[in-house]
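Side chains are part of it too, since the values below use all heavy atoms of this structure and drop only hydrogens, waters and symmetry mates. Each chain gets a letter, A, B and so on, in the order the sequences are listed, and its residues count up from 1.
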Amino acid sequence: MTKPNTEPSEEHGAGPANTPSDFIRDIVSDDLKARRHSQIRTRFPPEPNGYLHIGHAKSICLNFGIARESGGICNLRFDDTNPTKEDIEYVESIQKDVRWLIREWADDRLGLKPKGQTPETQSINGKQDFHLPSATVTGDEKTATAGARSTILEPFYASDYFEQLYQYALRLIEKGLAYVCDLSPEETDQYRGAPDRPGKDSPWRERPAEESLDLFKRMKAGEFPDGTRTLRAKIDMASPNIWMRDPVLYRIRHADHHHTGSEWCIYPMYDFAHCLSDYIEGITHSICTLEFEVHRPLYDWILEKLELPRPLPRQHEFARLNLGYTVMSKRKLMQLVNEGLVSGWDDPRMPTISGLRRRGVTPEALRDFAYNIGITKYNGLTDVAVLEHAIREDLNKRARRRLAVLRPLKVVLTNYPDGKVEELRAINNPEDESAGTRVIPFSREVYIERDDFMENPPPKYFRLRPGGEVRLKYAYIIKCESVIKDAAGHVVELHCTADLDSKSGGLTAGRKIKGTIHWVSVPHAVDAEVRLYDRLFTVAEPDAQGDFKKHLNPHSLEVVTAKCEPILRDAIPDLRYQFERLAYFALDLESQPGKLVFNRTITLKDAWAKETQRS
RNA sequence: UGCCCGAUGGUGUAACGGUAGCACAGCAGACUCUGGAUCUGUUUGUCAUGGUUCAAAUCCAUGUCGGGCAGCCA
């Protein structure tokens, strides 16, 4: 493994062996050097309106990575300010995915809070202040142990701050910096202007603060229907930055919220909730993607105008991940799920964290991938080969080698005694001696891969052919004597003879034979359903133009019944397997004793396939 | 015709005024009881034009190209 030769930061081998470096980490370490913060605090703030995907994984690795490298904390916070789009299903899946991804790497950096806790009101220099510090499972923050011995911890929710956000809104109105606006949504659009055309002031802009205060309280009390009024910041309708043109801070939504129930009928907008949530939690570095760059002036404006007593968080933006041969937007992923084009959010072909997990990808591989792609402000397209490489590198080190035949062709060894069974010793993982060995039964009839026999092979084909020899891994060198075909001319069986002295360790075992193939003893074979996954799309940029669904790969899933060596009967979900010469596999969650189901995580690199493609 | 951001081999990134490096991909070879892994070698790059400087990928200016911004979404 070759990595840039920076200082090793790792005592135990989880994740990349070196400390990454990028422009955001540079900012963080400058801030640390300048003693601007006593402890770094980042946050991962998903909206619970979909499942997490590999783009979120990049963000999680960044935010938790910075926390662990600096001895800081990364809060998991649900940015749940829009009850009509969010669901408890997503808050649960998100927690599961985050914990899985940071497992044994940064789980001691996960910032949580005592269950049910909301911000404390404190006074700093005579100013009222709201604060909700983090706790971690390691308890390096005393907050968690305040009352009960063992406190149950939970993630942060922006919706836990609705009361405080409301207070902040009141303060803004009192300062003459926000007003209740009676424009309809359509009128608000018209008044906003366009990027190259200034907007115009709302007729309600100069409404007295007392009147706005009264109206805002009545909005909260539920006196007005949806869409009839908003709370708006009073900034500048002529600003070249559209987000500074008196942005909406609150809207009316008579809707139940998954976390706060029916308590509220006004909900804060992202821009108002996010900066203040960061502040309340004591976030130091609020890291988000590039599309929020234009929102930063508003982020800073709100915090500054409120004249808050504690240090303010700073927002920094990086480029989101674009990966070839897939789509990344939650909207499109949801479309695939809702239209039944995949089996669910965790379909192994999905770029979701749950899909990748189900496919057999490990958190280590994902973290290594995130490390390799880096963090910049350049909006590029990452080659899937980078992901695939990270997955292979990880699996090569950990996978148990097994023999399994995906498309069986029966071979009868005519000179091998009928009924005889030999137990052959096989290596579990040549990359890891501690994985040990196992025995594989061998008998007169074996299955080999159909691809490993050709009647009229092209040049450079060094597997089995009529009259040719090949080595059966761990067993004998065999020679193809005759080809048995059915009435239609299809090859159904091979009759071969074995060089009985050529067994591993035997007299003629050292003979130079170009090809070695895998096999499974017919009477001992165990059946398994094997799901062969391929890329979900046929083109690198499915959403480049037109309907992305036009580019779905019709062959992204093929199901076969494989013949497996008997030990595979005891396969477990925690392990990864390499079916030798084929691919890496993991047990699917639908697998059951007696009814094995394997997912192909990723194929082995195949130089022969490349060779055949050339001609 | 507005504002913000960006541009380094095929792709993704490093170089923080001083030898353009790394990874992936590609190609060639060695080794191999996995056509895997491993090892060796190798092709290909600073968007353009000016300026500042002994010296520019790096600083400045202009241009070109790309991305983002007009939800009561996040």
Classify the nucleic acid contact of [X] as base, sugar-phosphate or nothing, counting any heavy atom under 4.0 Å across all strands shown.
X: N241(A); result: nothing
X: H295(A); result: base
X: Y267(A); result: nothing
X: K330(A); result: nothing

Please measure how far the [atom1] atom in [N] lies from the corresponding atom in [M], and state the result in whole Å.
N: rA56(B); M: rA48(B); atom1: C1'; value: 15 Å
N: rC4(B); M: rU52(B); atom1: P; value: 27 Å
N: rG21(B); M: rC60(B); atom1: C1'; value: 27 Å
N: rC5(B); M: rU43(B); atom1: P; value: 39 Å
N: rU64(B); M: rC27(B); atom1: C1'; value: 34 Å
N: rU11(B); M: rC47(B); atom1: P; value: 13 Å
N: rG68(B); M: rU49(B); atom1: P; value: 28 Å

Would D543(A) and K332(A) pass as an ion pair if we require N to O under 4.0 Å?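 Counted as a salt bridge, because a side-chain N and a carboxylate O are separated by less than 4.0 Å.
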Sidechain N-carboxylate O distance under 4.0 Å for E47(A), K330(A):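 Looking at K330(A) together with E47(A), the answer is no, because their closest N to O distance does not fall below 4.0 Å.
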Measure from [atom1] on [X] to [atom2] on [N] and round the result to the nearest Å.
X: R232(A); N: rA70(B); atom1: CZ; atom2: P; value: 15 Å
X: L215(A); N: rC72(B); atom1: CG; atom2: C1'; value: 16 Å
X: F216(A); N: rC72(B); atom1: CZ; atom2: C1'; value: 13 Å
X: N322(A); N: rG6(B); atom1: CG; atom2: C1'; value: 14 Å
X: I391(A); N: rA37(B); atom1: CD1; atom2: P; value: 15 Å
X: L333(A); N: rA74(B); atom1: CG; atom2: C1'; value: 16 Å
X: E388(A); N: rC24(B); atom1: CD; atom2: C1'; value: 11 Å

Examine rA74(B): is either OP1 or OP2 under 4.0 Å from a nitrogen or oxygen in the side chain of R251(A)? Give yes or no.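 Affirmative; the distance criterion is met.
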It should be established whether R296(A) places a side-chain nitrogen or oxygen under 4.0 Å from OP1 or OP2 of nucleotide rC5(B).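 No, outside the criterion.
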Would you call the rings of [X] and [Y] parallel, tilted or perpendicular, taking 30° and 60° as the class edges?
X: F598(A); Y: Y577(A); value: perpendicular
X: H259(A); Y: Y157(A); value: parallel
X: H56(A); Y: H53(A); value: tilted

Identify which nucleotide among rC73(B), rC3(B), rC5(B) has an atom closest to any side-chain atom of E293(A), counting heavy atoms from C-beta outward.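 So the nucleotide nearest the side chain must be rC5(B).
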Minimum-distance nucleotide (side-chain atoms of H389(A) versus rC24(B), rC5(B), rG71(B)):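 Given the options rC24(B), rC5(B), rG71(B), the side chain of H389(A) is closest to rC24(B).
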Does K220(A) qualify as a cation-pi partner of Y166(A), given the criterion of NZ or CZ under 6.0 Å from the six-membered ring centre and within 45 degrees of its axis?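 Ring-cation test returns yes.
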Is it true that the NZ or CZ of R402(A) lies under 6.0 Å from the centre of F579(A)'s six-membered ring and within 45 degrees of the ring axis?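 Judged by the rule (NZ or CZ under 6.0 Å from the ring centre, within 45° of its axis), R402(A) is not positioned above F579(A).
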Indicate for each nucleotide in nucleotides 28-34 of chain B, in 5' to 3' sequence, whether protein heavy atoms under 4.0 Å reach the base (B), only the sugar-phosphate (S), or nothing (-). S----BB
For atom NZ of K479(A), is the number of surrounding heavy atoms from other residues, nucleotides or ligands below 6.0 Å larger than 12?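 No, the 6.0 Å shell around NZ holds no more than 12 heavy atoms from other groups.
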Heavy atoms from other residues, nucleotides or ligands near NZ of K460(A) exceed 12 (cutoff 6.0 Å):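 Atom NZ in K460(A) is not crowded, with 12 or fewer foreign heavy atoms closer than 6.0 Å.
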Show me the protein contacts with nucleotides 18-21 of chain B, counting only N or O atoms at under 3.5 Å.
none

Pick out the pairs of N or O atoms, protein on one side and nucleotides 11-14 of chain B on the other, that lie under 3.5 Å.
| from | atom 1 | to | atom 2 | distance (Å) |
| --- | --- | --- | --- | --- |
| rU11(B) | O3' | L381(A) | O | 3.3 |
| rU11(B) | O2' | L381(A) | O | 3.1 |
| rG12(B) | OP1 | L381(A) | N | 3.1 |
| rG12(B) | O2' | I373(A) | O | 3.1 |
| rU13(B) | OP1 | T376(A) | OG1 | 2.7 |

Donor-acceptor check, side chain of T508(A) to backbone of R511(A), threshold 3.5 angstrom: yes or no?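 Checking the backbone N and O of R511(A) against the side chain of T508(A), no donor-acceptor pair under 3.5 Å is found.
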Hey, does the side chain of E449(A) reach the backbone of L406(A) with a donor-acceptor pair shorter than 3.5 angstrom?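 Side chain of E449(A) to backbone of L406(A): a pair is present.
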Are side-chain heavy atoms of S93(A) and W345(A) found at a separation under 4.5 Å?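 Answer no - side chains too far apart.
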Among residues 182-198 of chain A, which contact RNA chain B at a heavy-atom distance under 4.0 Å?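 Result for residues 182-198 of chain A: L183(A), S184(A), P185(A), T188(A), D189(A), R192(A), G193(A), A194(A), P195(A), D196(A), sorted by number.
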How does RNA chain B look in dot-bracket notation if pairs are Watson-Crick or G-U with both distances under 3.5 Å, crossing ones as [ ], other-strand ones as |? .((((((..((((....[..)))).(((((.......)))))....(((((..]....))))))))))).....
N-glycosidic conformation, rG71(B) - syn within 90 degrees of 0, else anti: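 That one's syn.
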Sort and list the pairs that fulfil side chain to side chain donor-acceptor pair (under 3.5 Å) and have at least one residue in residues 191-204 of chain A, not counting sequence neighbours.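 Every pair satisfying side chain to side chain donor-acceptor pair (under 3.5 Å) with a residue in residues 191-204 of chain A: D189(A)-R192(A).
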